[in-house]
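First up is the structure itself, then whatever we jot down about it.
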Amino acid sequence: MILPVHDRLRGHLTGVLRELYALDETSVPSIALEYPPNRTLGDLGTPVAFELARRLRKAPRAIAQEIAGAFGTLEGITQVGAAPNGYLNFFLERRPFLIDRIAGRYPTAPAPAGKAIVEHTAINPNKAAHVGHLRNSALGDTLVRVLRFRGIPVEVQNYIDDTGVQVADVIVGFRVIEQKTLEQIQEIADSTRFDYYCWDLYSRVTQWYDGDKDRLKHRADTLHEIEHGGTEAAAIGAFVADRIVRTHLRTMARMNVDYDLLTWEGDILRLKFWAQAFDVLKASGAVYLQTEGRLAGCWVMPIQEDEEATPKTQLPTPKEKTEKSEEAEEPEEEREKVIVRSNGVVTYVGKDIAYQFWKLGLLGRDFCYRVFTTRPHGPLWATCASDGENDHPDFGGAAYVYNVIDVRQSYLQKLLKQALVAAAHPEAADRSHHFSYEMVTLSHATARELGYTPSEDDAKRPFVEVSGRKGLGVKADDLLDTVIRKAGSEVASRNPELSGEERDRIAQMIGIAAVRYFLIKFSRGKMIVFDLDEALSFEGESGPYIQYAVVRANNIFQKLKQRDGTDEATLRAALNDVPAGELAGDNGSHELWELVLEASRLDEVVDQVIRSLEFSVLAKYAFSLAQAFNAFYHRSPILNEERDDVRRWRAAAVIYLRDQLTRALDLMGVSVPPRM
RNA sequence: GCGCCCGUAGCUCAGUUGGAUAGAGCGUCGGACUUCGAAUCCGUAGGUCGCAGGUUCGAGUCCUGCCGGGCGCGCCA
């Protein structure tokens, strides 16, 4: 890990600058650390001299030289140099750097205090999951892993919307179209892939509505029944949602995605969370009763159009001021969002506000909790409205909240933050993050493979929109089945001696690696036009490529042990006495050291990932590390290297690199197969 | 109409603290399996970073305007 080195260097350098130029705390420039383009220039570098050049009215190069001269000594740094262009560069002491890291001896940065809640997945429990949902959970689960890596305690929630129109529509499908009783539906659930069955039924219901708009009355009636409970329709809804959620959990488990708590929307309603939140909002004046105009009788929240959460730092320019006052003089109908309808029924946003308040510990009310299912590593909890277990973990009340929801929900997520600000919790608003990402759509080729004939609108665009209502989309399990099957045949052809069971286990690891990497490698603001062939690729920039690098590295040590009994522990042990010329670059190449330095950057990458919430950075880092290793692997033998010292240092570097790469894969939810 | 996002090589995309020569995969063309596994490696070709201004010692990255594309903006959820 490299960050402790950064911190130490930054601290020392700040002290040097203050002394050298008599700067006070506020005027010391922040010190950016970078990696020079090659190791002959240095291992770390900073352009801080450029920053100071104007203030000191000196050439950057002269400043860099002065700093280098005044640098003194710092543990772990062997040399400081001023480059002709003004960069200040540092060389690290290589031997202890690697030895310490192999041994896991380095200080770790303290984690920020407080728990984080990550909510992701949130698939409507009325049909099978599709690729779009996989992007959500792959991003969400990676976020969870990355935060935990950083030392932050994380609670993972999956929100279940069991009271919405989507579930109601499937109920209508069963009862009105198929004329089924609850008992018959239970039989269907036990004898079919129930999520697939509902997938088809749901799209049939949509078509059926299209045939006669009066049929929508069934939906309205059903929604009403779900909300009030006690009827056959409500019982069917509860059964369907429960069963479908279980299928989703199975699908996500294949992806190595897991949760701590399932939050059921129905419980938020039954426990009157909204009433509580409503009181808070009314008391703070965040919502008010509109008495005139078209929204008369509704409780509304004013929408701030553009004033972002940082009004204090952005002073309006004179021009903006006049524009604003003009607006104020001409009251062009202020925008308002209805929170409670004139019939007294709360809108979707209202429920979300209450839920968000609870997540942040601002509601003053809690759920009851039940065990939804048991797993090897402990129970999976779910909310309930009454008769909960007494002994349950603490849920809710987090310092940070991340809502993983696609970009189309941005408007509503923005309203959530506004509600928090309006209710006098601006700090909670700052700690609420909408982790947004773009949609997954289908390539024309893949849509065609699914038997879809494009409409005129579709034909104009380079992609086809996934639609649950139309039943158009690549089902998650179909994708996983296909990719794992393909991996299985590859494994079988390369390792004919493997048992079927072992082969399947490995195929699953490889298939999941391919899918998860594919979903992570794009930046989240980019639409993924899903193409089956592309996602099925195991070559080039892919998850299996990275796995392959680690498997190869492991093979080296396996062979080493087989051949002369050297195990990793003994390799690590004696390094202090071995000449380190290979690591120092005595052969004219810094390739080995380059691998070590790059491998050490995982913690820095994780920090950047958390700051930017951009996982493509992690994906690319792992890939380029694997790439560097593969190139090294071809050029520099270990098993057949005659020179003892060279062999040992190469092995040591590969141990470290392999460990770091394994960690990086784990952060992406990918495990390393024993063979492939 | 307003708001948010996207525009980088033939294709798909990295480049998110502004820094040293703009990178990768796929595809092209040509090489490397008697040596730790070729799901690999090496080489080759390919770029007005949408356009125009601006800020800066320095801009793919920040600001403004424009062009092209996507999404969002309901007493739906």
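Convention: sequence-line order gives letters A, B, ...; per-chain numbering from 1.
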*Give me the ring orientation class for A:Phe518 and A:Phe522: parallel if the planes are under 30° apart, tilted from 30 to 60°, perpendicular past 60°.*
perpendicular
*When the P atoms of B:A59 and B:A52 are considered, how many whole Å apart are they?*
15 Å
*asked:* Can you see if the side chain of A:Lys559 gets near the phosphate of B:G37 - specifically, an N or O under 4.0 Å from OP1 or OP2?
replied: yes
*Rounded C1' spacing from B:A39 to B:G25 in Å*: 14 Å
*Does CD belonging to A:Gln562 count more than 12 external heavy atoms closer than 6.0 Å?*
yes
*Just by distance, do the side chain of A:Asn630 and the backbone of A:Ala549 share a donor-acceptor pair under 3.5 Å?*
no
*asked:* I want to verify a distance call: between B:G72, B:C36, B:C75, whose nearest atom is closest to the A:Tyr633 side chain?
replied: B:C36
*Using a heavy-atom cut-off of under 4.0 Å over every strand shown, decide if A:Asn640 touches base, sugar-phosphate, or nothing.*
sugar-phosphate
*Sugar-phosphate, base or nothing in reach of A:Leu613, heavy atoms under 4.0 Å*: nothing
*Does CD in A:Glu591 sit with more than 12 non-hydrogen atoms of other residues, nucleotides or ligands closer than 6.0 Å?*
yes
_Pairing of A:Glu490 and A:Arg494 as salt bridge, 4.0 angstrom limit_ = yes
_Say we look at B:A45 and B:C29: how far apart would their P atoms be, to the nearest angstrom?_
15 Å
*asked:* Using OP1 and OP2 only, check whether a side-chain N or O of A:Arg635 sits under 4.0 Å from B:C41.
replied: no
*asked:* Just N and O in the side chain of A:Lys526: are any of them under 4.0 Å from OP1 or OP2 of B:U12?
replied: no
_Looking at B:A38, I'd like to know if its phosphate oxygens (OP1 or OP2) sit under 4.0 Å from a side-chain N or O belonging to A:Arg552._
yes
_Checking the side chain of A:Ser537 only, and the main-chain atoms of A:Asp533 only, is there a donor and an acceptor separated by less than 3.5 Å?_
no
_Canonical and wobble pairing (Watson-Crick, G-U, under 3.5 Å) of RNA chain B, dot-bracket with |_ = (((((((..((((.....[...))))..((((.......))))......(((((..]....))))))))))))....
*In whole Å, what separates the P atom of B:A20 from that of B:U55?*
22 Å
_N/O (side chain, A:Arg494) to phosphate O (OP1/OP2, B:A38) under 4.0 Å_ = no
*OP1 or OP2 of B:U16 under 4.0 Å from side-chain N/O of A:Arg611*: no
*Between A:Tyr545 and B:C41, is there a side-chain N or O to OP1/OP2 distance below 4.0 Å?*
yes
*Want to settle it: does A:Glu265 or A:Arg408 sit nearer the 5' end of RNA chain B, counting the closest nucleotide to each?*
A:Arg408
*Using a 90° cut-off around 0 for syn, call B:C13 syn or anti.*
anti
*Among B:G15, B:A77, B:A39, which nucleotide sits nearest the side chain of A:Leu412?*
B:A77
*So does A:Ser410 get a side-chain nitrogen or oxygen closer than 4.0 Å to the phosphate oxygens (OP1/OP2) of B:G72?*
no
_Separation of B:A39 P from A:Gln547 CD (nearest whole Å)_ = 14 Å
